[in-house]
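What follows is a single structure, written as structure tokens, with notes after it.
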Amino acid sequence: MADTPTVNRSYYNCNDCPAYCCSIYERVQVTPRDVRRLAKHFGITEEEASSRYTKMYAKERVLRRKADPLFGQACQFLDPQTRGCTIYHARPAVCREYPDTIRCAYYDLLKFERNQQDDVNVVPLVKITFRNGK
Ligand code: SF4
Ligand code: SF4
């Protein structure tokens with residue numbers, strides 16, 4: 001998230017993206033190991049890191065969010081101007097793995113719409129939620 005992987009070939013460039021993945025997902029999972037990493041990064045206890053930077057969402061521990069000028073809400077660690085991660089080296093594992101494919105659907109959408117609108121700066125606003133389709 002919010003940076004381009006250096007390994008393998010990929011068809012997206014996070015540096016050219018307003019950080020959809022850091023904004024439109026309500027839940028960014030945080031594991032105990034992630035909490036330890038955050039605690040170390042900020043020089044605080046794991047308990048402090050957990051209560052300051054995470055919350056429970058259903059039965060899952062996730063990162064807290066904050067207001068975002070572009071998408072309404074985003075991860076608390078996203079810089080609203082640069083659209084980069086402010087804790088890049090301490091970000092959770094799920095952020096390191098995302099999108100875990102050679103393509104990013106949001107980047108494809110961004111490129112598609114910028115081409116369609118003939119505007120290199122336009123940002124299509126999308127919202128994603130999930131529902132059991134059965
Ligand atoms: S949405 Fe895709 S291109 Fe944009 S920052 Fe996330 S992984 Fe990178
Ligand atoms: S921790 Fe960083 S990479 Fe992960 S969602 Fe937040 S801003 Fe994005």
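As the structure lists them, so they are numbered: ligands from 1, and atoms in each ligand from 1. Not measured: the values here are computed from a predicted model.
Applying the side chain to side chain donor-acceptor pair (under 3.5 Å) rule to pairs touching residues 66-77 yields Asp68-Arg83, sequence neighbours excluded.
Within ligand 1, the atoms closer than 4.0 Å to a non-hydrogen atom of Tyr107 are 3 (S), numbered from 1 in the order shown. Heavy-atom proximity to Phe77, at under 4.0 Å, picks out these atoms of ligand 2: 7 (S). Heavy-atom contacts of Cys21 reach the following atoms of ligand 1: 1 (S), 5 (S), 6 (Fe), 7 (S) (cutoff under 4.0 Å). Heavy-atom proximity to Cys75, at under 4.0 Å, picks out these atoms of ligand 2: 1 (S), 5 (S), 6 (Fe), 7 (S). Listed by number with element, the atoms of ligand 1 under 4.0 angstrom from any heavy atom of Tyr98 are 7 (S). Which parts of ligand 2 touch Cys95 is read off a 4.0 Å heavy-atom cut-off, strictly below it: atoms 1 (S), 3 (S), 4 (Fe), 5 (S). Contact atoms of ligand 2 toward Pro92: 1 (S) (distance under 4.0 Å to a heavy atom of the residue). The ligand atoms of ligand 2 that sit less than 4.0 angstrom from a heavy atom of Leu63 are 1 (S), 6 (Fe).
Looking at Cys17 against ligand 1, only its side chain comes within 4.0 Å, counting heavy atoms.
Residue side and main chain included, Cys22 places an N/O/S atom under 2.8 Å of atom 8 (Fe) of ligand 2. Coordination check, Cys104 versus atom 8 (Fe) of ligand 1: failed, since every N/O/S atom of the residue sits at 2.8 Å or beyond.
By the 4.0 Å N-to-carboxylate-O rule, Asp119 lies too far from Arg114 to be salt-bridged with it. The existence of a salt bridge linking Lys111 and Asp16 is confirmed by a sub-4.0 Å separation between a basic side-chain nitrogen and an acidic carboxylate oxygen.
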What's the verdict on salt bridge (Lys or Arg N to Asp or Glu O under 4.0 Å) for Arg27 and Glu60, showing C-alpha distance, side-chain angles and the deciding distance? CA-CA 9 Å; Arg27 306 181 334 250; Glu60 190 178 35; 3.0 Å; yes
Does the side-chain hydrogen bond (donor to acceptor under 3.5 Å, both in side chains) test come out yes or no for Arg64 and Thr54, once each step is laid out? CA-CA 5 Å; Arg64 289 185 184 276; Thr54 77; over 6 Å; no
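Atom-to-atom distance recorded for Tyr106:OH and Tyr25:OH is 3.0 Å, nearest 0.5 angstrom.
Other members of the cluster containing Met56 do not exist, because no ILVMFWY side chain is joined to it at under 4.5 Å.
Side-chain contact annotation: Arg103 with Ser10, donor-acceptor N/O pair under 3.5 Å absent.
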